[in-house]
Structure formats: structure tokens, C-alpha cells
*Asks:* 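Structure provided below as C-alpha cells; questions to follow.
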Amino acid sequence: MRLLPELLPDQRYEGFLRQAAALPLPPNFFVDRRVWRFDTSSDWCDWLLMEIWDDQDWLRHFRMRKTTFQELCTWLAPALQWQDTHLWPAIPLEKRIAIAPWKLATPDSYRSVGHQFGVGRSTVGAVLMEVVRAINSELLNRLICLPDLDSVMAGFAALGFPNCGGALDGTHIAIRALPHRAAQFINRKGYFSMVLQALVDHRGQFSDICVGWSGQAHDARIFRNSYLYRRLQAGTFFPHRQFAVGDVHMPVCIVADAAYPLMPWLMKPYTGHLDASKEQFNARLNRARN
């Protein structure tokens, strides 16, 4: 009996492919895709959204005007190009971008959104994440940027506090707490909340936020555990600037209320018995902070 040499896995696989390629295909091998794909309609999206709705309808449902939506499509087109396949054509760009703001602006389920736009539930989820990632990668640096530090410092100087890069404080955002965790979120004012710590410029626009701490947490504790604190402590949040007062060189600072710790780069009001100069300092600081 002659022993056959043992073939490697790759050789066995190639041999199988050659044998399979030589076999004739059965007559019913190619199946019409309509048999296994549920046909859907997108007439609502193609006709009502693009042809009938005015700006008020767009604002009500998408939180943006039609012109803004069209501009968004232009910006995101390079990152969201799909190719047709031999099984089905690609979903049009406008429809995919419309799915994302509709889902983000309404409480509709994936099934409901899919029914509106004529796509499946899983397609809604995939398209939503794809558009959000494209917005982050294409538009984040273009549309969201910190204001110029010189203009911010000039704005605070006009309020009477020079060399200031921002005002820091916390605010309580009311929430519905879970019953078994309610005690952790009740604040000193008697309602359930999470704390939003915000650093703002002289116009009240956000420069940095930290959110998620329970309403019971103290402002100073939140601040010391925030990314903002670590960057300010390391001297990397603001560009390196120094303001000279006589022989004293001061870094760019932020202002806050008495609940926060006094730091070389954080100014807070004087407490206790105050003389005239300290009262004047507090008045200027509070004007900039408020």
C-alpha cells in the first residue's frame, strides 16, 4: 500500500478550491435578492424633507435649517463617501447625514428612525456613529476653538482685573436620581443634582468644563480632581505669559469664589477682617467673577 505524502493545510485548501471551481453551478444558484431582502421606501425622506419642508419644519425636527444641513453635507462629503456594491447601491450621502441629527434631536427609537428613512435598525446605528465620528474628525478643529488669550485678558482688564484668563465656578444640574443612590446626589439646597464645573471667559463662553460629580461633592474637591487643575498646576493650560507688578512676576491666573483653594494661578477673595485695600481687591475680583 502506497503512502500519500501529507499535505499542508494551505495545499489542501488550494486543492479544494480547484475542485470546487471545476464543478458546474446549479441552475438556481443565483437567487434574486428581492427574495431575501425586505424592500423599504424612502419617499418620505426624498420628497417631504427635501422638497416640501421649510426652515421652521427643519428647525423643529432637526434643530437646524435646511441651508445648514446642506453645508454640513458639503463639509462631511469627503469623509462619508460610500461605494456601490454588486448587491445594492450605497445609501445617498444626504440621507445618511439626515439620519444622525434626526436621531440625536428626537427620542425616536432605531426602529422608528429606520422606518422613516427606509433603512434597517442596524443601519441607523451604524450611520449614526459614522456621522458623529466624521463630525468630530472634520469639524471639531474648524468650528470649536478657544478664544485668543490676549482678547480674554483685555476683557477681564476692562472689568478691573488684569492678567486674568478665566472665571471658575460650579453649578448644579437637576437630575432624577435612582432610588438606591439618591442620598449620594442630594445637594445642600435639597434637590438631586450633578455638578457642572465651568471655566468661562469675560463674555461667559466656556473654555473648560468638568461634569459628572454628585451634588454632594464640594467645589474644591471637584476642582482638585479635574483635568483643568492638573493642566494649570503643570503650567500647560495657558500659554506662558507673565505680568510684572514691580519686582513680582505673576502668571496668568483665573478667579474663583472663596470655596476654592488659593494658588499662584488662582485668585480668590480675602476673608475675615478686611481693610480698604482688601475690600477694593474683593470688589474687583467679584466683578470679574460675576
Side-chain angles (χ1 to χ4, degrees), residues 28-147 173-178 194 196-198 205-213 227:
N28 61 344
F29 180 79
F30 296 101
V31 180
D32 189 348
R33 186 169 177 267
R34 290 174 298 177
V35 174
W36 53 270
R37 180 179 179 269
F38 180 73
D39 288 330
T40 57
S41 173
S42 61
D43 292 344
W44 175 86
C45 172
D46 300 335
W47 175 69
L48 187 64
L49 264 64
M50 301 303 176
E51 304 294 337
I52 303 300
W53 277 9
D54 58 17
D55 275 350
Q56 292 302 317
D57 294 318
W58 275 84
L59 284 171
R60 189 179 306 113
H61 295 91
F62 286 93
R63 306 296 191 264
M64 68 178 71
R65 291 180 172 84
K66 184 178 179 180
T67 53
T68 305
F69 172 78
Q70 292 170 337
E71 189 174 8
L72 187 65
C73 292
T74 302
W75 283 343
L76 299 182
L80 294 176
Q81 291 295 342
W82 279 9
Q83 299 293 328
D84 294 343
T85 69
H86 66 282
L87 292 178
W88 60 77
I91 302 174
L93 175 71
E94 291 79 7
K95 182 188 290 189
R96 281 184 283 130
I97 295 179
I99 287 173
W102 182 281
K103 181 67 181 77
L104 295 172
T106 65
D108 291 0
S109 64
Y110 285 100
R111 183 189 298 275
S112 176
V113 176
H115 179 72
Q116 293 276 48
F117 287 89
V119 298
R121 288 178 302 170
S122 60
T123 302
V124 173
V127 166
L128 173 63
M129 295 307 300
E130 180 191 34
V131 173
V132 169
R133 292 191 187 102
I135 290 174
N136 285 336
S137 62
E138 299 293 324
L139 304 184
L140 182 62
N141 294 330
R142 180 185 303 185
L143 299 179
I144 300 178
C145 58
L146 293 177
I173 309 299
I175 64 169
R176 293 180 179 177
L178 295 174
M194 283 187 177
L196 166 66
Q197 174 189 278
Q205 295 182 339
F206 290 113
S207 301
D208 184 89
I209 63 169
C210 176
V211 67
W213 284 78
Y227 184 57

*Asks:* Output yes when a side-chain donor or acceptor of Arg63 lies under 3.5 Å from a complementary backbone atom of Pro101, and no otherwise.
*Replies:*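 It does not hold such a pair.
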*Asks:* Taking only residues two or more places apart in sequence, or in another chain, which ones meet Phe69 in a ring-ring contact (aromatic ring centres under 6.0 Å, His included)?
*Replies:*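 With neighbours one apart ignored, the set is Trp58.
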*Asks:* Just one of Lys66, Met64, Gln70 clears the side chain to side chain contact (heavy atoms under 4.5 Å, CB included) bar with Thr68, so which one?
*Replies:*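 The passing option is Met64.
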*Asks:* Should the ring pair Trp53 and Phe62 be called parallel, tilted or perpendicular, given that the plane angle runs from 0 to 90° and is split at 30 and 60?
*Replies:*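 Rings of Trp53 and Phe62: perpendicular, as their planes differ by over 60°.
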*Asks:* Using modelled atom types and a 3.5 Å cut-off, is there a donor and acceptor pairing between side-chain atoms of Lys103 and backbone atoms of Asp108?
*Replies:*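 Checked: pair present.
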*Asks:* Looking only at heavy atoms, what is the nearest atom pair of Ala105 and His61, with distance?
*Replies:*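 Nearest pair, atom of Ala105 first, then His61: CB-O, 3.6 Å.
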*Asks:* Out of curiosity, Leu59 CG to Asp54 CG, how far, rounded to the nearest 0.5 Å?
*Replies:*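 Reported value, rounded in 0.5 Å steps: 9.0 Å.
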*Asks:* Does anything in residues 125-136 form a side-chain hydrogen bond (donor to acceptor under 3.5 Å, both in side chains)? List the pairs, not counting sequence neighbours.
*Replies:*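 Residue pairs with at least one partner in residues 125-136: Trp82-Glu130.
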*Asks:* Looking only at non-hydrogen atoms, find the nearest pair between Cys73 and Leu93 and report the distance.
*Replies:*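 Shortest heavy-atom contact: O-CD2, 3.8 Å.
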*Asks:* Walk me through it: do Val119 and Val127 pass the test side-chain contact (heavy atoms from CB on, under 4.5 Å)?
*Replies:* CA-CA 10 Å; Val119 298; Val127 166; over 6 Å; no
*Asks:* Show the numbers, then the answer: is there a side-chain contact (heavy atoms from CB on, under 4.5 Å) between Arg60 and Asp57?
*Replies:* CA-CA 5 Å; Arg60 189 179 306 113; Asp57 294 318; 2.9 Å; yes
*Asks:* What are the two closest non-hydrogen atoms of Phe206 and Ala198, and how far apart are they?
*Replies:*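 Nearest heavy atoms, Phe206 then Ala198: CE2-CB, 3.4 Å.
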*Asks:* Could you tell me which non-hydrogen atom of Arg96 sits nearest to which non-hydrogen atom of Val131, and how far apart they are?
*Replies:*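 Scanning both residues, the minimum pair turns out to be O-CG2, 3.6 Å.
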*Asks:* Who passes side-chain contact (heavy atoms from CB on, under 4.5 Å) against Leu139, sequence neighbours left out?
*Replies:*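 Listed in chain order: Leu72, Trp75, Leu76, Ile135, Arg142, Leu143.
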*Asks:* What's the spacing between Asp55 CG and Arg65 CZ if we round to 0.5 Å?
*Replies:*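 The distance works out to 5.5 Å.
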*Asks:* Could you tell me whether a side-chain N or O of Gln81 sits under 3.5 Å from a main-chain N or O of Ala77, the two making a donor and an acceptor?
*Replies:*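 Yes: the side chain of Gln81 pairs with the backbone of Ala77.
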*Asks:* Of Ile99, Leu104, Thr106, which is the lone residue that meets side chain to side chain contact (heavy atoms under 4.5 Å, CB included) with Trp102?
*Replies:*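 Filter result, single survivor: Thr106.
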